[in-house]
Amino acid sequence: MKDFKVYDHKKLDQKWRKAWDEANVYKTTEDADKEEFYILDMFPYPSGAGLHVGHPKGYIATDIISRYKKMKGFNVLHPMGWDAFGLPAEQHALKNKVHPKINTDENIARYKEQLEKISLNYDWEREISTTDPEFYKWTQWAFIQMFKKGLVFESNEPINWCPSCKTGLANEDLEDGKCERCDSEIEQKPIRQWVIRITDYADRLLADLDKLDWQESIKESQRKWIGRSEGAEIDFAVKDSDDKIKVFTTRPDTLFGATYMVLAPEHKFVQKWIDEGVIENKEEVENYAKEASKKSHIERGDMTKEKTGVELKGIKAINPALNKSGEANNEELPIYIADYVMADYGTGAIMAVPAHDERDFEFAKKYKIEIKDVISGRKNEDEAFIGSGKLINSGKFDGMDSEEAKKAITEFVGGKMTVSYKLRDWVFARQRYWGEPIPLVHCDKCGVVPVPEEELPLKLPEVESYEPTGTGESPLAGIDEWVNVKCPECGGDAKRETNTMPQWAGSSWYYLRYIDPHNSEALVDKEKEAYWSPVDFYVGGAEHATRHLIYARFWHKFLYDIGVVKYNEPFKKLQTVGLIMAEDGRKMSKRWGNVINPDDIIDEYGADAFRTYEMFMGPFDQAVNWSTKGLMGPKRFLDKVWKMQDDLASESSKKVQAQLHKTIKKVGEDIEGMKYNTAISEMMILVNLAEKECISKNDFEKLLLILSPFAPHMTQELWSILGHNTFLIGEQWPNYDNLLLIEDVVTVVVQVNGKNRAELILPQDTSEQEVRELALANEAVDKWVKKTGSGEVKRFIYITGRVANIVVQ
RNA sequence: GCCGGAGUGGCGAAAUUGGUAGACGCGCACGACUCAAAAUCGUGUGAGGCAACUCAUGAGGGUUCAAGUCCCUCCUCCGGCACCA
């Protein structure tokens, strides 16, 4: 008889998806009368494997916020698109001999189908793909603007080279010195590259972090990645030579204590001096440099291993501080090469002050180099003293405070205060096929000339083979008819740049295009941009902390500088998603055979149960293991809500009323605070209570409203059954009544000396005096008071409606 | 090594930010319905104890009438960075 009381998710989920689709309920337009809210997911790379249950977690969360905000009266922008350039599609193309576009389009279609089953409220009319020429036209356009502003330069310096992917990579693309994609050891290889001067923005990228509402951990990662340090650049003369070794140091105050110098093995002077024949132990030096270059990043980065180095015999540097102070007798410093000094940080050369630097101390001990204290404060003979203090053994600077001495000594020796960063310029070219062509032309006469803007997009041409050449050139280099062009400036013969952009290019600004996805005149319309920007809330994986999130901030600041956007930061608030692991605690992967497909779950339990469970699993930013059994909790909860339609009363009980208003308040607050798990549990409490007591139709409808962002299909069906012909997403979020939040009786726990001894159920408005009298009159309390100590009540503490503590001496 | 975060039942977790530790859910046990099972519903479920009670939030100390929450020392796990001068 109660057959129909099972919510038929297969039929009804689909029914409502269709109805929403036909009514185009998710369409978003600018509306100056409404406050805007832009909520964004990090768009996915549509891989061939399709979505597993972990992927939609963030999307469901933003979907809930989006629905909630819409019900609160905001005009919400909530779009989705595809970050579709990249190696997997290209590798698939190589293997199967089909164009990567075909594979990419298939994957996108599959992803979209999977996402649609979850009923995420995206405005699909704003869908974008980074591989769409109408999109990458503007990626290329922005690049050209950077080129024109001198932010782009060509370089032949050695860069990270992945021998397996056969392409150069940026520092951000490495993980533990290995290729982030394929795990191969990275080599240093000189390749002709296009590089973007992201370091010009280092200070702003650092400073503006302070005003962002982001998790501290992400901001901290970025600060570390940018790695700003203040110090001085000081020139050291080389004896009997015009060469000057420039060093960067954060401790110019310890200059008098510099007792040797170290150059990175790759330092240009090493080869120069070998060529000039001034190095006496040439062979030894050459061997060491060769060994060092062979070592991987990981080996060189291993701090636990003993430091090694070789002295450059026959050459001495001059300590400029001692020289200026007239201490010619000990001003000469031996010069070493050692792999603990990195070529790509600072100047690639250091002054070594063993007394006050741990690494130099270790090295000096090993090679028996003088250790000379120049800062007082040493407590231990066995290690370097790295603190600050008063200067000693430093000529006329003796007694000066080290902070003050930094500047004074730098000036004294003619150096300059400067700032150094760990952030490297952005290696922006890849020797691969499936990426945006870099819109530059090489002309013998005019040099490098950008492709004229009216010729954009510069489309990726068809090729015979997608195979990377491995020679440092992209597959595009093989297409003569594409490579050979006329110079846009002089009209003479010229050649196209054949490298493509890295995968991070499109994702560095895609969020702006959703605002105005079909604009053919501009990257984004200024008024629309001013209305929607910045992104109010951005949700995605923490793995993007130092890649995408730095590039996008940089790209945005550049667009700000050239007047394209109104704000200088793209993402106001950022929240990371905790991963969903497999039931066995490992990452979901084909390799382990532990992947759970959302399609299967939705098929069996419905989209609402799937959505609600993912939000109920635990704190949003925390990793959790999937459990299909665990899903049954939220599923049962939804079934109970479904059944409630039969038992609606004319009036809700007092308790239910109080709980309902408490729940409305908590669900709203928890959605804003991304505490979905407790929002759902509060609704469970309400439903459990309503089952025991009674709930009115009107109150039940309020429950449907607040549950609808989590379980949009079933609540919509119930809403319709109850006689409404509107869509819940267009309804108003219910208000709660503060008066109803107050329950008329409260349970007060009575403690004696902090231990619970009795419970009193009292009218809400019982006065402290009354509570005191009632508590002391309680038998159990009285017993404990008499039993404890002197039995004399010394203090009475009452926390209204909660706890009374009787302190007995 | 440095930075960031976290340690609470068999499990996922909650705790009004100093006020009844374990809400809510999973699992488990018993019961109801059923010829039986599933589903559903009810009761119970931190440990010890017949009970009164005692113990219990990684370990140890401290502050407080009162500590998961604050302070000190230490341990473990996860994430990030790592010879950055």
Side-chain angles (χ1 to χ4, degrees), chain A residues 2 6 175-177 215-225 227-229 231 247-251 254 262 264 297-298 300-305 307 338-342 344-353 356-360 362-363 420-423 542-543 545-546 576 578-579 613 616-619 621-637 639-640 643 662 666 675 677-685 687-688 691 747-759 780 783 794-808:
Chain A
K2 293 221 163 184
V6 176
E175 245 163 43
D176 293 333
Q215 276 158 277
E216 202 45 44
S217 59
I218 303 277
K219 292 208 258 187
E220 216 28 58
S221 298
Q222 290 213 351
R223 288 189 189 108
K224 282 271 151 57
W225 192 263
R228 182 182 203 271
S229 65
V247 304
F248 173 74
T249 176
T250 55
R251 293 299 299 273
T254 62
V262 187
H297 257 66
I298 320 169
R300 273 188 76 167
D302 184 4
M303 310 193 325
T304 54
K305 84 172 188 327
K307 290 179 179 31
D339 64 6
Y340 80 91
V341 171
M342 305 293 155
D344 63 355
Y345 182 76
T347 60
I350 63 162
M351 64 176 212
V353 185
H356 305 292
D357 181 278
E358 284 169 14
R359 296 150 302 181
D360 299 344
E362 189 194 322
F363 191 86
S420 192
Y421 299 94
K422 268 170 69 183
L423 184 72
E543 69 275 17
T546 52
T576 56
L579 287 178
Y613 171 57
F616 185 65
M617 290 177 85
D621 57 350
Q622 198 175 296
V624 262
N625 294 359
W626 176 267
S627 156
T628 305
K629 262 189 181 166
L631 181 141
M632 292 314 292
K635 167 76 177 147
R636 283 179 195 133
F637 157 68
D639 287 345
K640 284 185 199 173
K643 285 182 195 148
K662 194 176 158 203
K666 181 150 178 70
K675 290 157 80 181
N677 52 336
T678 50
I680 294 165
S681 80
E682 198 66 29
M683 289 188 279
M684 286 171 166
I685 292 169
V687 168
N688 290 343
E691 265 192 335
T747 306
V748 175
V749 169
V750 184
Q751 304 179 327
V752 177
N753 276 7
K755 294 216 183 268
N756 301 349
R757 297 304 182 192
E759 268 182 17
K783 188 182 92 186
K794 199 190 163 207
R795 259 177 90 184
F796 180 81
I797 292 145
Y798 179 53
I799 308 299
T800 312
R802 298 198 171 278
V803 176
N805 191 8
I806 297 162
V807 185
V808 179

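Numbers restart at 1 for each chain; the letters A, B, ... are given by sequence-line order, proteins then strands.
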So which protein N/O to nucleotides 29-32 of chain B N/O distances come out below 3.5 Å?
none

Original post:
Within a strict 4.5 Å, meaning less than it, do heavy atoms of the A:Q751 and A:I797 side chains meet?
Top reply: no
Original post:
Which value, rounded to the nearest 0.5 Å, describes the distance between A:S627 atom OG and A:M617 atom CE?
Top reply: 7.5 Å
Subject >> salt bridge (Lys or Arg N to Asp or Glu O under 4.0 Å) involving A:D357 - partner list, sequence neighbours excluded >> reply: A:R359
Original post:
To the nearest 0.5 Å, how far apart are CD1 in A:I685 and OG1 in A:T678?
Top reply: 10.0 Å
Original post:
Any idea if B:U34 is syn or anti, going by the 90°-from-0 cut?
Top reply: anti
**OP:** Using the six-membered ring of A:Y340, assess whether NZ or CZ of A:K307 lies under 6.0 Å from its centre and within 45 degrees of the ring axis.
**Re:** yes
Subject >> RNA chain B: 5'-proximal contact among A:I680 and A:Y345 (nearest heavy atom) >> reply: A:I680
Original post:
Does A:D621 use its side chain to pair, donor to acceptor, with the backbone of A:T576 at less than 3.5 Å?
Top reply: no
Subject >> Nearest-angstrom distance, P atom, B:A52 to B:A47 >> reply: 16 Å
Subject >> Span that lies between the P atom of B:C33 and that of B:G46, in whole angstrom >> reply: 28 Å
**OP:** Check the distance between B:A85's P and A:M342's CE and give it to me in whole angstrom.
**Re:** 12 Å
Subject >> Inter-nucleotide C1' distance (B:C74, B:G27), Å rounded >> reply: 35 Å
**OP:** Under the side chain to side chain contact (heavy atoms under 4.5 Å, CB included) rule, collect the residues that match up with A:A679, sequence neighbours excluded.
**Re:** A:V667, A:D670, A:F710
Please list each protein N or O that sits under 3.5 Å from an N or O in nucleotides 39-49 of chain B, with the distance.
{"unit_1": "B:U40", "atom_1": "OP1", "unit_2": "A:R636", "atom_2": "NE", "d": "3.3"}

Subject >> Rounded distance in Å between the C1' positions of B:G4 and B:U64 >> reply: 31 Å
Original post:
Taking CZ from A:R223 and P from B:C81, how many angstroms apart are they, rounded to a whole number?
Top reply: 16 Å
**OP:** Take atom CH2 of A:W225 and atom P of B:G79, then tell me their distance rounded to the nearest Å.
**Re:** 17 Å
**OP:** Take atom CD of A:E543 and atom C1' of B:C78, then tell me their distance rounded to the nearest Å.
**Re:** 15 Å
**OP:** For A:D360 and A:V353, indicate whether the former's side chain and the latter's backbone hold a donor-acceptor pair under 3.5 Å.
**Re:** yes
Original post:
To the nearest 0.5 Å, how far apart are CG in A:L631 and CZ in A:F616?
Top reply: 11.0 Å
Original post:
Say you draw a straight line from OG1 of A:T249 to CE of A:M351; how long is it, rounded to the nearest 0.5 Å?
Top reply: 4.0 Å
**OP:** Mind checking A:K224 for me? I need base, sugar-phosphate or nothing, with any heavy atom below 4.0 Å counting as a touch.
**Re:** sugar-phosphate
**OP:** Would you check if A:N677 and A:P619 make a side-chain contact, meaning some heavy-atom pair closer than 4.5 Å?
**Re:** yes
Original post:
RNA chain B: A:M684 or A:T250, which has the more 5' nearest nucleotide?
Top reply: A:M684
Subject >> Nearest-neighbour nucleotide for the A:E220 side chain, B:C81, B:C3, B:G25 considered >> reply: B:C3
Original post:
With side chains defined as the heavy atoms from C-beta onward, is the minimum distance between A:F637 and A:Y613 less than 4.5 Å?
Top reply: no
Subject >> N/O (side chain, A:N688) to phosphate O (OP1/OP2, B:G25) under 4.0 Å >> reply: yes
Original post:
Taking only residues two or more places apart in sequence, or in another chain, which ones meet A:K219 in a salt bridge (Lys or Arg N to Asp or Glu O under 4.0 Å)?
Top reply: none
Subject >> Between B:C65 and B:A14 - P atom distance, rounded Å >> reply: 31 Å
**OP:** Take atom OH of A:Y798 and atom P of B:G18, then tell me their distance rounded to the nearest Å.
**Re:** 20 Å
**OP:** Please state the P separation for the pair B:G80 and B:G61 - nearest whole angstrom.
**Re:** 36 Å
Original post:
Does some side-chain heavy atom of A:F248 sit less than 4.5 Å from a side-chain heavy atom of A:I350?
Top reply: no
Subject >> Counterpart residues, side chain to side chain contact (heavy atoms under 4.5 Å, CB included), relative to A:S221 (two or more places apart) >> reply: A:A545, A:T546
Original post:
Rounded to whole angstrom units, what separation is found between the CZ atom of A:R251 and the C1' atom of B:A85?
Top reply: 11 Å
Subject >> salt bridge (Lys or Arg N to Asp or Glu O under 4.0 Å) partners of A:K635, counting only residues at least two apart >> reply: A:D639
Subject >> Separation of B:C26 C1' from A:F637 CZ (nearest whole Å) >> reply: 16 Å
Subject >> Distance, C1' atom - from B:G31 to B:U20, rounded to whole angstrom >> reply: 30 Å
Original post:
Looking at side-chain heavy atoms only, is the closest gap between A:V748 and A:Y798 below 4.5 Å?
Top reply: yes
**OP:** Find the distance between NZ (A:K224) and CG (A:L423) and round it off to the nearest 0.5 Å.
**Re:** 15.0 Å
Original post:
What integer distance in Å separates A:Q215:CD from B:A6:P?
Top reply: 11 Å
Subject >> Distance between P atoms of B:U40 and B:C26 (Å, rounded) >> reply: 9 Å
Original post:
Going by heavy atoms in the side chains, are A:K755 and A:R757 under 4.5 Å from each other?
Top reply: yes
Original post:
Any side-chain N or O of A:S221 less than 4.0 Å from the OP1 or OP2 oxygen of B:G4?
Top reply: no
Original post:
Is it true that A:W225 and A:Y421 have ring centroids separated by less than 6.0 Å?
Top reply: no
Protein-nucleotides 50-54 of chain B N/O pairs under 3.5 Å:
{"unit_1": "B:U54", "atom_1": "OP1", "unit_2": "A:R757", "atom_2": "NH2", "d": "3.3"}
{"unit_1": "B:U54", "atom_1": "OP2", "unit_2": "A:R757", "atom_2": "NH1", "d": "3.3"}

Using nucleotides 9-14 of chain B, report all nitrogen or oxygen pairs with the protein that are shorter than 3.5 Å.
{"unit_1": "B:G12", "atom_1": "O2'", "unit_2": "A:M617", "atom_2": "O", "d": "2.4"}
{"unit_1": "B:A13", "atom_1": "OP1", "unit_2": "A:Q622", "atom_2": "NE2", "d": "2.2"}
{"unit_1": "B:A14", "atom_1": "OP1", "unit_2": "A:N677", "atom_2": "ND2", "d": "3.1"}

Subject >> Any residue meeting salt bridge (Lys or Arg N to Asp or Glu O under 4.0 Å) with A:K662, in chain and number order, not counting sequence neighbours >> reply: A:E682
Original post:
Looking at the angle O4'-C1'-N9-C4 for a purine or O4'-C1'-N1-C2 for a pyrimidine, is B:G49 syn or anti, with syn meaning within 90° of 0?
Top reply: anti
Original post:
Reading RNA chain B 5' to 3', how would its secondary structure be written in dot-bracket notation, given Watson-Crick and G-U pairs with both distances under 3.5 Å, brackets [ ] for crossing pairs and | for partners on other strands?
Top reply: (((((((..(((......[....)))((((((.......))))))(((....)))..(((((..]....))))))))))))....
Could you list all N or O pairs between the protein and nucleotides 61-68 of chain B that sit under 3.5 Å apart?
{"unit_1": "B:C65", "atom_1": "OP1", "unit_2": "A:R795", "atom_2": "NH1", "d": "3.3"}
{"unit_1": "B:C65", "atom_1": "O2'", "unit_2": "A:N805", "atom_2": "ND2", "d": "3.1"}
{"unit_1": "B:C65", "atom_1": "O2", "unit_2": "A:N805", "atom_2": "ND2", "d": "2.6"}

**OP:** Tell me what A:I685 touches on the nucleic acid: a base, only sugar-phosphate, or nothing, going by heavy atoms under 4.0 Å.
**Re:** sugar-phosphate
